[in-house]
Amino acid sequence: MLISWFSKKQNSVALSTTEAEYIAAGSCCAQVMWMKQQLLDYGFTFEKVPIRCDNTSATCLGKNLVHHSRTKHIDIRYHFIKDHIEKGDIELVFVPTEEQVADIFTKPLDENTFSKFRGELGLCEIE
């Protein structure tokens with residue numbers, strides 16, 4: 001399993017959690033495209049790389065190719081993800097919050113959830 005993770009302050013102010021998640025998914029898409037190109041140099045090809053998002057509205061926004069009036073304020077550069085969904089390069093997949101493994105990097109978790117996510121990442125506990 002190949003995982004890339006980073007955290008940075010967004011350059012724009014999001015007006016909703018949907019917009020914030022959509023912008024983050026677009027940033028993730030750019031990283032996925034870069035990794036796909038790097039792996040292609042080694043002979044590995046991937047189709048429809050899944051990007052897991054725990055916001056149903058952001059997932060629907062990415063999958064819906066129609067530009068809505070509610071999203072007209074979102075800068076065009078953030079719609080980069082729609083092009084790659086349409087091309088089949090990536091797939092925006094909804095994942096329930098309780099199954100969002102990336103939360104191990106960004107949220108305080110109870111011990112059981114932390115242990116579950118750590119196991120899903122293939123990490124072991126050092127005693």
Side-chain angles (χ1 to χ4, degrees):
M1 178 187 310
L2 181 60
I3 295 174
S4 174
W5 178 84
F6 79 97
S7 176
K8 75 172 198 166
K9 183 179 172 186
Q10 290 182 352
N11 296 332
S12 64
V13 176
L15 300 177
S16 67
T17 55
T18 297
E19 185 179 345
E21 293 279 351
Y22 182 70
I23 290 169
S27 177
C28 179
C29 177
Q31 284 218 343
V32 166
M33 297 311 297
W34 180 83
M35 283 191 287
K36 280 180 71 166
Q37 185 58 47
Q38 297 301 308
L39 291 169
L40 185 62
D41 293 343
Y42 294 101
F44 297 99
T45 57
F46 296 92
E47 300 296 322
K48 288 197 174 187
V49 175
I51 293 177
R52 297 167 52 123
C53 181
D54 62 359
N55 185 297
T56 54
S57 297
T59 303
C60 290
L61 181 59
K63 290 179 178 180
N64 189 350
L65 302 179
V66 178
H67 194 70
H68 292 282
S69 61
R70 289 185 181 183
T71 63
K72 67 182 176 186
H73 67 282
I74 300 175
D75 197 342
I76 192 71
R77 68 179 167 213
Y78 299 120
H79 294 295
F80 171 79
I81 192 169
K82 282 187 178 188
D83 295 335
H84 290 287
I85 291 171
E86 192 175 335
K87 290 178 190 173
D89 294 328
I90 63 131
E91 178 181 27
L92 200 52
V93 179
F94 174 74
V95 59
T97 301
E98 54 276 354
E99 295 176 21
Q100 181 62 288
V101 179
D103 285 351
I104 196 170
F105 299 113
T106 60
K107 296 179 181 172
L109 302 171
D110 61 77
E111 187 176 352
N112 290 336
T113 305
F114 182 83
S115 296
K116 175 185 148 193
F117 289 165
R118 186 182 60 209
E120 288 182 28
L121 289 171
L123 303 174
C124 60
E125 185 175 358
I126 299 175
E127 294 181 22

| task | List in chain and number order the residues that pass side chain to side chain donor-acceptor pair (under 3.5 Å) with T113, two or more places apart in sequence or in another chain; answer none if no residue qualifies. | result | D110
| task | Write out all pairs satisfying ring-ring contact (aromatic ring centres under 6.0 Å, His included) with one or both partners inside residues 108-127, taking only residues at least two apart or from two chains. | result | none
Pair up each side-chain donor or acceptor in residues 35-56 with any protein partner under 3.5 Å, not counting sequence neighbours, and list the distances.
residue: K36; atom: NZ; partner: F46; partner atom: O; Å: 2.9
residue: K36; atom: NZ; partner: D89; partner atom: O; Å: 3.2
residue: R52; atom: NH2; partner: E99; partner atom: O; Å: 2.9
residue: N55; atom: OD1; partner: S57; partner atom: N; Å: 3.0
residue: N55; atom: OD1; partner: A58; partner atom: N; Å: 2.8

| task | To the nearest 0.5 angstrom, please state how far the OG1 atom of T17 sits from the CD atom of E19. | result | 10.0 Å
| task | Could I get the full list of salt bridge (charged side-chain N to carboxylate O under 4.0 Å, His left out) partners for K107, not counting sequence neighbours? | result | D103
| Other residues, nucleotides, ligands: >12 heavy atoms within 6.0 Å of E98 CD | yes
| Reported CD1-to-CG distance for the pair I81 and L92, which is rounded to 0.5 angstrom | 5.0 Å
| said: Working to the nearest 0.5 angstrom, can you tell me the gap between K82 NZ and E86 CD? | reply: 10.0 Å
| Shared ILVMFWY cluster between Y22 and M33, side chains joined below 4.5 angstrom? | yes
| query | Side-chain heavy atoms under 4.5 angstrom apart, residues restricted to Ile, Leu, Val, Met, Phe, Trp, Tyr: same cluster for F80 and I90? | reply | yes
| query | Would L109 and L123 show up in the same hydrophobic cluster when neighbours are defined by side-chain heavy atoms closer than 4.5 Å? | reply | yes
